[in-house]
Amino acid sequence: MQADELLVLVAGGDHQAFEELYGLVSGPVYGLVRRVVRDPAQSEEVAQEVLLELWRSAARFDPGRGSALSWVLTLAHRRAVDRVRSARAAGEREQREARRADGPAFDQVAEEVEAGLEREWVRRCLDRLTALQRQSVTLAYYDGYTYREVAERLSLPLGTVKTRMRDGLTRLRDCLGGAA
Amino acid sequence: MSLPARLVRRGDLHSLAAPYALDALDPAERVRFEKHLGSCRRCAAEVRALAEDAVRLAWSTAAPAPAVLRDRVLAAVRATPQDPAPRETVRARAAPLPPHVRGAAPLPRARERRRAPLFVPFATATAAAALVVASLFAVQADRTQDRLDAERDRSREIAHVLAAPDARASSGRDARGRTIGVIASASEGSAIVTLGGYDDPPNGRVRQLWLMRPGAGPRSLGLFESDTPLVASGLEESATSLAVTVEPDGGSPRPTGRPVVQLALKTVGFGE
């Protein structure tokens with residue numbers, strides 16, 4: 001069964017459907033959270049929150065507005081970013097320095113996890129962006145920086161970063177177009 | 001504000017669509033932009049498209065989740081009622097359940113499961129968690145929103161205990177087959193305690209849970225309400241056991257009778 005159908009069953013309180021759904025989404029959710037949060041223990045915590053929230057608010061899912069996987073990944077990303085920002089705000093300087101040292105680090109993290117067709121596809125499409133588009137998008141999405149922080153890190157005006165983000169995402173859409 | 005200034009401001013808001021889709025706004029801006037979204041159809045469509053694009057970036061990050069996460073999530077799910085559907089989508093669903101039913105899915109087999117032999121040592125805390133907690137969220141058609149909220153809070157507390165790395169479970173049984181189960185985390189100093197097989201206490205009496213500690217009197221951990229689990233926090237690591245007594249309504253400052261059941265806490269990491 002597809003994630004979308006399962007999620008509708010889950011909204012009705014179906015535990016078995018949730019277990020099945022877990023099998024489909026836990027990898028993408030955990031991987032994404034891990035990519036943003038980095039710390040394994042904290043990643044587990046955030047992933048657990050997200051998956052529990054998936055159960056709790058399954059009834060909010062509106063199939064007319066996108067796929068179940070997109071929905072849960074959007075949720076996971078929001079939570080991961082919140083976590084990494086509050087960790088930064090709490091002055092985890094060491095972590096921040098480590099993060100700074102390894103920079104955008106798309107390549108290196110890609111190695112941590114198993115290679116896959118989709119990963120390869122995304123990587124190839126990211127390679128087709130201009131350097132500034134790619135950095136603007138990945139610093140925000142994979143590293144959880146706000147566009148203001150991205151602008152600061154790349155020494156660019158705010159307007160430029162916003163435009164690069166938009167152009168980067170649009171170009172990514174064109175490149176990945178048929179892959180959905 | 002002059003018209004050009006307003007246009008600039010609006011253009012400024014529009015330009016936040018991509019950062020918003022990437023979760024790259026700070027909280028204040030996020031709120032401001034979401035407010036704007038509510039009144040701008042074009043933006044909503046655009047944001048949706050950009051958000052779909054952003055999600056594609058997640059495709060490259062999937063990684064197998066640790067096995068322990070599965071146990072934790074599934075156990076927590078058993079202890080967590082669901083939110084009711086927002087009104088506008090309820091109609092769209094096939095045979096929607098009323099919100100109060102949706103709020104806590106029936107677990108038809110839970111009661112049988114609780115009758116399983118409790119002497120068997122639990123392989124993992126989460127297996128026990130499912131056993132102890134599952135039966136306690138059966139449907140009650142008369143739940144009010146306050147009650148649902150209270151339950152949700154309690155579920156969160158329960159999930160929190162379950163998520164502790166040192167969460168362990170234990171259970172005991174008295175001569176008449178009545179049971180007490182506990183899932184506890186010594187590092188968090190918290191425990192979920194549940195009773196099974198007990199009739200309602202006589203009118204005007206309640207069951208009270210006590211923490212037994214060396215060198216100090218019993219400390220009350222609260223009153224049981226029918227068969228809902230009690231979540232206790234602030235437990236001292238030196239605590240030796242839990243005890244339940246029957247007390248006058250409202251509870252007592254000190255136990256007034258013999259415990260009806262008692263459970264040592266050593267196996268769940270206390271008393272060391």
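Below, all heavy atoms of this structure are taken into account, side chains as well, without hydrogens, waters or symmetry copies. Each chain gets a letter, A, B and so on, in the order the sequences are listed, and its residues count up from 1. Everything numeric in this text was worked out from a predicted model, so none of it was measured.
- Ranking A:Arg78, A:Met165, A:Glu44 against chain B, the residue ahead of the rest is A:Arg78, based on heavy-atom pairs under 4.5 Å.
- Between chain A and the residues B:Ala49, B:Pro66, B:Ala21, the largest count of heavy-atom pairs under 4.5 Å involves B:Pro66.
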List, one per line, each side-chain donor-acceptor pair under 3.5 Å for residues 182-192 of chain B, sequence neighbours excluded.
from	atom 1	to	atom 2	distance (Å)
B:Ser185	OG	B:Asp166	OD1	2.7
B:Ser185	OG	B:Ser187	OG	3.3
B:Ser185	OG	B:Glu188	N	3.0
B:Ser187	OG	B:Asp166	OD1	3.0
B:Ser187	OG	B:Asp166	OD2	3.3
B:Glu188	OE1	B:His160	NE2	3.1

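- Between the side chain of A:Arg166 and the backbone N or O of B:Ala18 there is no donor-acceptor pair closer than 3.5 Å.
- Interface check for chain B: of the options A:Val81, A:Leu52, A:Val137, A:Leu73, the most heavy-atom pairs under 4.5 Å are formed by A:Leu52.
- Heavy-atom distances place no part of B:Ala51 under 4.5 Å from chain A, backbone and side chain included.
- Ion pairing between B:Glu52 and A:Arg173 fails under the 4.0 Å rule for side-chain N and carboxylate O.
- For the residue pair A:Tyr145/A:Arg153, the side-chain donor-acceptor check at 3.5 Å is satisfied.
- In this structure, the portion of A:Phe18 lying under 4.5 Å from any heavy atom of chain B is its side chain and not its backbone.
- In this structure, the side chains of B:Tyr20 and B:Glu29 stay at 4.5 Å or more apart for every pair of heavy atoms.
- Of the listed residues (B:Leu57, B:Val73, B:Leu69), the one with the most heavy-atom contacts under 4.5 Å to chain A is B:Leu57.
- Interface residue A:Val10: backbone and side-chain heavy atoms are both found under 4.5 Å from chain B.
- With chain B as the partner, the residue from A:Leu69, A:Leu54, A:Thr170, A:Asp82 showing the most heavy-atom pairs under 4.5 Å is A:Asp82.
- In terms of heavy-atom pairs under 4.5 angstrom with chain B, the leader among A:Gly144, A:Pro28, A:Ser70 is A:Ser70.
- Contact count versus chain B (heavy atoms, under 4.5 Å) is highest, among A:Gln48, A:Glu149, A:Glu49, for A:Gln48.
- Heavy-atom contacts from other residues, nucleotides or ligands closer than 6.0 Å to CD of B:Glu34 number more than 12.
- Under 4.0 Å is where a charged nitrogen must lie from a carboxylate oxygen, and between A:Arg88 and A:Asp143 no such pair does.
- Neither the backbone nor the side chain of A:Arg164 comes within less than 4.5 Å of any heavy atom in chain B.
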Could you give the side-chain donor-acceptor pairs of residues 37-44 of chain B under 3.5 Å, partners two or more places apart or in another chain?
from	atom 1	to	atom 2	distance (Å)
B:Ser39	OG	B:His36	O	3.0
B:Arg42	NH2	B:His14	NE2	3.4

